[in-house]
Amino acid sequence: MAENESGKDGMTRRKFIQNTGLVVGGALGGGLLGGIIGNQTGEDAPDTAQNNANGTNGDTENRMEARMFFKRQQDFNVLRSMTERIFPEDDNGPGAIELGVPYYIDRQLAGPWGLNAKEYMQGPFEEGAETQGSQTRVPRGDMFLQGLRRVNAVSRNEFGENFFELEDPSQQNEILTALENNNIEMDGFSSAEFLSTVIVATIEGAYCDPVYGGNRGMRGWQMKEFPGAQMAYINVIEDDEFHTMDPVSLHDHHS
Amino acid sequence: MATELERVDIVTVGVGWTAGIIAAELTKAGYTVKGLERGEEKTLDDYFHQKDELRYALRYEMMQDLSKETVTFRNNADMTALPMRRHGSFLLGTDLGGSGVHWNGQTYRFLPYDFEIRSLTEERYGEDKIPDYMPLQDWGITYEELEPYYDQFEKTCGIAGEENPLGGFRSDEYPLPPMVETKMIRMFKEAATNLGYDPFQMPSANLTDSYENPDGQRINECQYCAFCERFGCDYGAKSDPIVTVIPTAKETGNFEIRQNSNVTRILTENGEATGVLFVDTKTGEEFIQPADVVAVTSYVLNNTRLLLTSEVGRPYDPETGEGVIGKNYCYQVMGSATGFFENEKFNTFMGAGALGAAFDNFNGDNFDHSDLDFLHGGEIAITQTGRRPINNNPTPEGTPRWGSEFKSESLKYFNRSLSLRLQGSSLPSRNNYLDLDPVYTDQYGDPLLRMTYNFTDQDRNMAEHCGAVLGDVLEEMGADQVDVSNELSDYDIVPYQTTHNTGGVIMGADPETSAVNSYNQMWDYDNLFVTGASAFAHNSGYNPTGTVGALAYRCAEGIQQFLDNGGGQLVEAKKNGRKINM
C-alpha cells in the first residue's frame, strides 16, 4: 500500500528515506507510511483520502495545506526537514511533518507573529547583553527566509546536497548544532536565535489547538496524554488515579 | 488644542482592581467617578471558549501591545538600557480590568513583619544586619491597621482559604472553604509535615462555591478547568474587577468609564492636581478631564512613568539617594525545583490558578536569621494551575532541548514530574530603580520608562538557602530525581518569572524617603492619590494582589475623608530622625 502510494506520486521509497531520515533504528512501521509520504514534498502531495488516513480531520484540514507565506518550494522543504529533526517521528508517535507543523509555521509567518506586529520594533537597534533579550530589527518572516536559505547553503557546501536531501540525519543534526553554537553567520541576528525561534514554533505546531493547522488529529496531545480544552475537571480532580480521556478541541466547543 | 470636559469628583487613570475598588466605594458614597481606560471594553462574553494556549498564553492576547509602549531595561547603570521588545519576564495587562483579569487568583496577606521590617529587623538583629546598599523601610502602617482592609478585599472576592498557622492575626475566617486537595497537594503537605513545617491550603480567588459578595455581586464556582493565568475566566468563577467592583460602581449610576482613553499627563497648578490630559486612542483627539481628586491607579510601571513624565514628585537620584519617584523598584526572587517520578503519574493538566498548598517556615522573619547572610525569605509552595502542553516540557537536567531524546523525555515526564517553587521576597537596593529613558519613546513620543535592576547578594543568599528546602521536600515526596534551581545569575528580562513588579511610588511615614502616605496620598499634592503595588516599599515573599486590594480599600477611605472634610493631608508626616544608609 505504502509502496504503491509512493510510486504513484513519482516518489521512490529510496527518495522517501533520503528526504526524511525517518528510518533511524529501523523502527518505522508500514502503517505510518501513507500519512507521511503524502506530506513529503508539497509538489508531490496528492489530495487523496489516503493522505488523511492517519487521524486527520478530513477534507477541511487537507485544504488548509497550501502555503500562505513561503513562495519557494525549496525554502519550505528545508523548513520541513528542520522541524522533523527537532521533533522527529519515533516510537511515541508522529513527528513534526505528520503533525502539520510546517504548515502551521507557514500560516503563523503570514500573520502578525511573522511581522512582529505587537512588538517594539523602533530603533536604534543595538546588540545588547543577553539579559536584555532579542534586539534584532529583522522580523520573523525575513529571519526564516534568510535562515533556511543559509542552512541549505551550508548543507550544499559541507555535504554536497540540499539539506532536505541529506541521507544521514546526523548530518542534518550537525547543521542544527552549528546553528545552536552560533557557528553559522546570519545578517542581523544570530543563528542561535534563529534555531530557538524554529524550535519554539515547532513545539507550538506540535501541541497547538488544531484550528491553527498543527497538532493534526490532536495526535500531539494524545502522545502527551493532554486532553485539550476540557470544560471542567471538578468531578475527577480529587481522584488519585491518572485519567486518560479523549482530547477536546476548540472545534468541539462550537459543534 | 485639548477639549476641556465637565468636572468630576474623582478621575482614575486606568480601570483595573485599584480603580474599581475606589470607584465602587466612592460612588456608593455619592461621589462621581470617571475611569479613563486606554484599552477596550471587556465582558465575560470575551472569555467564552478561550481555552487556547497559543492565542492567550503565547501570543499574549490579553497583554499590552508593545509596539505602542514598552520599558527599557539594563542590569546596571553602566549599561545602555534597551527596549523590552517582546513580552517575557513579566506580563503587562491591557483593556478593562487590566492585569486583574489574567491573574491566577493567589490572594495572600503580607506578614506583620513586612510592614515594620526595618524596625523589627533592627530590634532583633541590630542595625548592622541591614546592608549599606539596602534602603529598607517601614511602610508607615502596621499589619493590625491594615487588617480590616484585607478582610474587606477578601470578602469582595470570596476568597477560599485556610488559616496560615504562621500568618498574622485574622479578625474573621475566609468567606469560603479552601480548594480541594489533590494527590500532589496531599503528597506535598505530608512531606512538609514530616519535615516539621506547617503547610496550609493556598488562599484562592478561584471560588469554591457560588458566592454573593457584600456588594451583591454574584461569583460562580470554579470548575478546575486549568485555564487561569494569562486567561480570563469564562465561568465568572475567578474574582476579577469585571465581576466584582466595576459592576458595583456602575450600578450606582455615578461611575462613567471612558474606553480608549490614554492618560498622558497629570495636570498640576500651585501644588494641586487639577485633572489629567488624555488622548482618545481612536481619533487622536486630546481632552482635559478636570477633577477634585486624581487617582493614579494603573499598573506599577505606568504609575511611576506617568508621575515622571508629568514632573510630579521628586525623581529618585541613585547617586545621592535623594528623591523618591522611581525608588525601591523590586521584583520577586524565584527559585524552583522539579522532581521526576518513574512510577507515578499525576493529573498535572487539571487545576486552577490558585489550587495549591504552601508553608511559611522560611518566609519573613519566621526563622532565625542571626547566622544567615540575608533577611526575609519566601513562600514555599506547590501549585496545580494546570500544565499546558506547548509551554510545559519538563525534562531532567542535561536533556537536549530538541531532537529525539528531547521528544521522548518531555512526553514521558509531562505527567510524571512535579515542580515546587520558592516565591522569594525582593528587598530594595539603591541601585535598582526606575527613571525615564533618554533615547526610546512610545507612540506619542514620550520617553519610555527605564528599568535598572539586578539581583543583589541578599537575593542570591536567600534563594540559595531557602531554595535548597524545595529539594528536601521533593525527596521526601518520593521523587526519583530532583533538579533544584536556586542559583541566581544576573536578572534576565527574557524568561517568564512573575508579574509581581513593585515599588517606584512607595509609601512611608517620612516624606523624605517616601512618595505617598499610608492612604497612598501624595505628600506633595494633597488631592493626588497613587495606589497599587507601586506603593510597596519592598516586595514580600507572596503574590501581591491581596495587599494591592487592601491598600486600595484604605486609599478609597482616604479619598472619602479628604472629600468629606474639605481636603488636607490625612497623615501627619514623621521624620524618622534616621538617615537611610547610603
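A, B, ... follow the sequence lines: proteins, then strands. Residue 1 opens every chain. Since this is a predicted model, take the numbers as computed values, not measurements.
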(message) Before you tell me yes or no, could you show the steps for B:Leu54 and A:Tyr104 under side chain to side chain contact (heavy atoms under 4.5 Å, CB included), namely the whole-Å CA-CA distance, both residues' side-chain angles and the distance that decides it to 0.1 Å?
(response) CA-CA 12 Å; B:Leu54 186 73; A:Tyr104 160 81; 3.3 Å; yes

(message) With a 4.5 angstrom heavy-atom cut-off, is it the side chain or the backbone of A:Leu176 that approaches chain B, or both, or neither?
(response) both

(request) Name the region of A:Met82, side chain, backbone, both or neither, that has any atom closer than 4.5 Å to a heavy atom of chain B. (result) neither

(request) Return yes if some donor-acceptor pair links the side-chain N/O of A:Gln135 with the main-chain N/O of B:Pro83 below 3.5 Å, else return no. (result) yes

(message) Taking A:Glu204 first and then B:Arg59, would you say they form a salt bridge - that is, a charged N and a carboxylate O separated by under 4.0 Å?
(response) yes

(message) Does any part of the side chain of B:Lys51, heavy atoms only, come nearer than 4.5 Å to the side chain of A:Gln230, both counted from C-beta?
(response) no

(message) Can you tell me which portion of B:Ile185 sits under 4.5 Å from chain A's heavy atoms? Options are side chain, backbone, both or neither.
(response) neither

(request) Quick one: closest heavy-atom pair of A:Glu238 and B:Arg186, and the distance? (result) O-NH2, 4.2 Å

(request) Could you tell me whether the side chains of A:Thr131 and B:Asp490 share a donor-acceptor contact shorter than 3.5 Å? (result) no

(message) Quick check against the 3.5 Å criterion: does A:Lys224 have a side-chain atom that pairs as donor or acceptor with the backbone of B:Pro389?
(response) yes

(message) Is B:Ala81 close to chain A through its backbone or its side chain, or both, or neither, when contacts mean heavy atoms under 4.5 Å?
(response) backbone

(message) Using heavy-atom distances under 4.5 Å, tell me whether A:Pro124 contacts chain B through its side chain, its backbone, both, or neither.
(response) both

(request) Below 4.5 Å from any heavy atom of chain A, which atoms of B:Asn391 appear? Answer side chain, backbone, both or neither. (result) neither

(message) Counting only non-hydrogen atoms closer than 4.5 Å, does A:Met121 touch chain B with its backbone (N, CA, C, O), its side chain (CB onward), both, or neither?
(response) backbone

(request) Indicate yes or no: does A:Glu193 engage B:Arg86 in a salt bridge with an N to O separation below 4.0 Å. (result) yes

(request) Go through the side-chain N and O atoms of A:Ser196 and B:Arg401 and say whether any donor and acceptor fall under 3.5 Å apart. (result) yes

(message) Just so I understand: if I count every heavy-atom pair under 4.5 Å between each of A:Ala206, A:Gly220, A:Ala229 and chain B, which residue has the most?
(response) A:Ala229

(request) Decide yes or no on side chain to side chain contact (heavy atoms under 4.5 Å, CB included) for A:Tyr233 and B:Asn347, but give the supporting numbers first. (result) CA-CA 10 Å; A:Tyr233 295 112; B:Asn347 296 305; over 6 Å; no

(request) Answer yes or no: is there a donor N or O on one side and an acceptor on the other, between the side chain of A:Gln132 and the main chain of B:Thr80, under 3.5 Å? (result) yes

(message) Need one label for A:Glu241: side chain, backbone, both or neither, based on atoms under 4.5 Å from any heavy atom in chain B.
(response) backbone

(request) Report yes if some heavy atom in the side chain of B:Asn393 is under 4.5 Å from a heavy atom in the side chain of A:Tyr207; otherwise report no. (result) yes

(message) Is A:Phe125 close to chain B through its backbone or its side chain, or both, or neither, when contacts mean heavy atoms under 4.5 Å?
(response) both

(message) Between B:Phe414 and chain A, with a heavy-atom cut-off of 4.5 Å, which part of the residue counts as in contact: side chain, backbone, both or neither?
(response) side chain

(request) Over all heavy atoms of both residues, which pair between A:Lys118 and B:Tyr60 is shortest? Give the atoms and the distance, please. (result) NZ-O, 4.1 Å

(request) Under 4.5 Å heavy-atom distance to chain B, tell me which part of A:Thr83 shows up: side chain, backbone, both or neither. (result) neither

(request) Could you give me the CA-CA distance, side-chain angles and deciding distance for A:His254 and B:His49, then say whether side chain to side chain contact (heavy atoms under 4.5 Å, CB included) is met? (result) CA-CA 8 Å; A:His254 290 273; B:His49 304 302; 4.0 Å; yes

(request) For each of A:Val248, A:Asp209, A:Asn173, tally heavy-atom pairs with chain B at distances under 4.5 Å, and name the one with the top tally. (result) A:Asn173

(request) Measure distances from A:Ile199 to the heavy atoms of chain B and classify the residue's part below 4.5 Å as side chain, backbone, both or neither. (result) side chain

(message) Could you check whether any side-chain heavy atom of B:Trp402 comes within less than 4.5 Å of a side-chain heavy atom of A:Thr202, counting everything from C-beta outward?
(response) no

